[in-house]
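These notes are about the structure you will find just below.
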Amino acid sequence: MYNNKHQYTWTDYEKDMKSIDWLKFDHVVGIYRGSLPMAVHVSNIRNVPMSIVGFQTRDGKDKKPYWMHNATTKTFDEVQKILVVDDIYDTGYTMNNVIEFVKKNRTRPSAMPEVYGYCLFGKENAKEIVYSNPLNGHWIVFPWER
């Protein structure tokens with residue numbers, strides 16, 4: 001399935017984090033487990049609240065997304081744009097389900113923040129999920145996995 005392994009370095013990661021400076025958001029959502037290091041980092045450098053959605057499709061443990069930590073309960077009055085982050089966008093199944101979950105499970109039904117996604121690696125997609133690097137058949141080894 002994968003041609004070989006790509007060692008994604010901290011230097012690569014820092015470059016990609018700087019490349020998303022143009023994205024505007026006031027809340028970040030990480031998907032448990034793969035994107036949590038990235039979500040924490042983005043939350044800290046942008047000084048925005050962070051929430052966590054549980055949804056693990058690879059091993060089938062979590063069949064539906066759910067809030068593990070929902071910081072939107074305290075800040076949703078001010079939230080205009082929510083950025084959902086993940087490490088890899090391949091089929092889009094995880095990202096698309098989490099974005100729809102966040103849109104449908106707002107704490108205030110009258111709040112209608114814009115919800116969009118960013119991944120470190122991805123493929124062209126109709127949902128306009130932004131990504132920094134093309135996913136080209138390599139197994140990605142992230143620096144926080146070592």
Side-chain angles (χ1 to χ4, degrees), residues 2 4-62 64-108 111-125 127-146:
Y2 297 99
N4 54 26
K5 291 183 179 182
H6 171 74
Q7 299 291 326
Y8 184 74
T9 67
W10 285 115
T11 303
D12 297 331
Y13 175 75
E14 287 295 326
K15 178 184 66 97
D16 289 340
M17 288 296 97
K18 287 179 181 156
S19 77
I20 66 168
D21 282 345
W22 61 274
L23 292 174
K24 305 295 182 209
F25 56 92
D26 44 27
H27 196 96
V28 64
V29 173
I31 304 168
Y32 180 79
R33 299 177 8 155
S35 70
L36 288 187
M38 195 167 93
V40 169
H41 183 225
V42 169
S43 173
N44 284 321
I45 64 173
R46 290 307 250 316
N47 194 30
V48 297
M50 182 185 106
S51 296
I52 302 169
V53 170
F55 189 45
Q56 291 184 11
T57 58
R58 186 181 311 189
D59 61 13
K61 286 184 181 178
D62 301 324
K64 294 180 180 179
Y66 63 96
W67 290 114
M68 293 182 86
H69 171 69
N70 185 358
T72 63
T73 57
K74 297 177 184 170
T75 61
F76 235 2
D77 287 340
E78 297 86 30
V79 172
Q80 301 292 318
K81 295 183 179 181
I82 297 174
L83 180 67
V84 177
V85 296
D86 203 2
D87 49 3
I88 296 174
Y89 182 96
D90 188 12
T91 65
Y93 185 78
T94 299
M95 179 63 77
N96 296 333
N97 274 280
V98 171
I99 287 174
E100 287 307 310
F101 169 80
V102 171
K103 286 179 179 178
K104 290 179 182 172
N105 292 279
R106 304 179 302 277
T107 55
R108 275 191 322 109
M112 294 296 290
E114 182 180 341
V115 183
Y116 56 102
Y118 167 77
C119 295
L120 293 172
F121 288 84
K123 295 179 177 179
E124 291 297 320
N125 60 85
K127 299 285 187 174
E128 299 181 7
I129 305 301
V130 177
Y131 60 91
S132 292
N133 305 284
L135 186 62
N136 55 12
H138 295 112
W139 181 264
I140 311 299
V141 181
F142 292 97
W144 49 84
E145 295 178 324
R146 296 187 187 119

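For this chain, numbers begin at 1 and follow the sequence in order.
- Rounded to the nearest 0.5 Å, atoms CG (L120) and CG (D12) are 10.0 Å apart.
- Contact detail for M17 and V42: the closest heavy-atom pair is SD-CG2, 3.8 Å.
- Between T9 and P143, every side-chain heavy-atom pair lies at or beyond the 4.5 Å cut-off.
- Qualifying side chain to side chain contact (heavy atoms under 4.5 Å, CB included) partners for V48, counting only residues two or more places apart in sequence or in other chains: F25, V28, R46.
- Heavy atoms only, all atoms of each residue included: F121 and P134 are closest at CD2-O, 3.8 Å.
- Using a 4.5 Å heavy-atom cutoff, the side chains of S51 and H27 are in contact.
- Here the closest non-hydrogen pair linking I52 and M50 is CG1-CE, 3.7 Å.
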Intermediate values then yes/no, side-chain contact (heavy atoms from CB on, under 4.5 Å), I99 and I129: CA-CA 10 Å; I99 287 174; I129 305 301; 3.7 Å; yes
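- Below 30°, between 30° and 60°, or above 60°: for Y13 and H41 the angle between ring planes is between 30° and 60°, a tilted geometry.
- Counting heavy atoms from C-beta on, the side chains of Y118 and I20 come closer than 4.5 Å.
- Between V53 and Y32 the shortest side-chain heavy-atom distance does not fall below 4.5 Å.
- Note that CG of D87 is 9.5 Å distant from CD1 of I140, once rounded to the nearest 0.5 Å.
- If you take CD1 on I88 and CZ on F142, they are separated by 4.5 Å, rounding to the nearest 0.5 Å.
- We find the NE2-NZ distance between H138 and K5 to be 12.5 Å, quoted to the nearest 0.5 Å.
- Under the 4.5 Å side-chain criterion, counting only non-hydrogen atoms from C-beta, D86 is in contact with T94.
- Remark: D21 CG is packed, more than 12 non-hydrogen atoms of other residues, nucleotides or ligands lying under 6.0 Å away.
- Across every non-hydrogen atom of F55 and P65, the tightest pair is CD1-N, 3.5 Å.
- Of the possible polar contacts, none joining the D16 side chain to the S132 backbone as a donor-acceptor pair under 3.5 Å is found.
- Between H6 and Y8, the ring planes are tilted. Angles from 30° to 60° get that label.
- Nearest heavy atom pair, residue N133 against residue K15, reads OD1-NZ, 4.5 Å.
- Between Y116 and V130 the shortest side-chain heavy-atom distance does not fall below 4.5 Å.
- Residues N96 and F101 are not in side-chain contact: their nearest non-hydrogen atoms beyond the backbone lie 4.5 Å or more apart.
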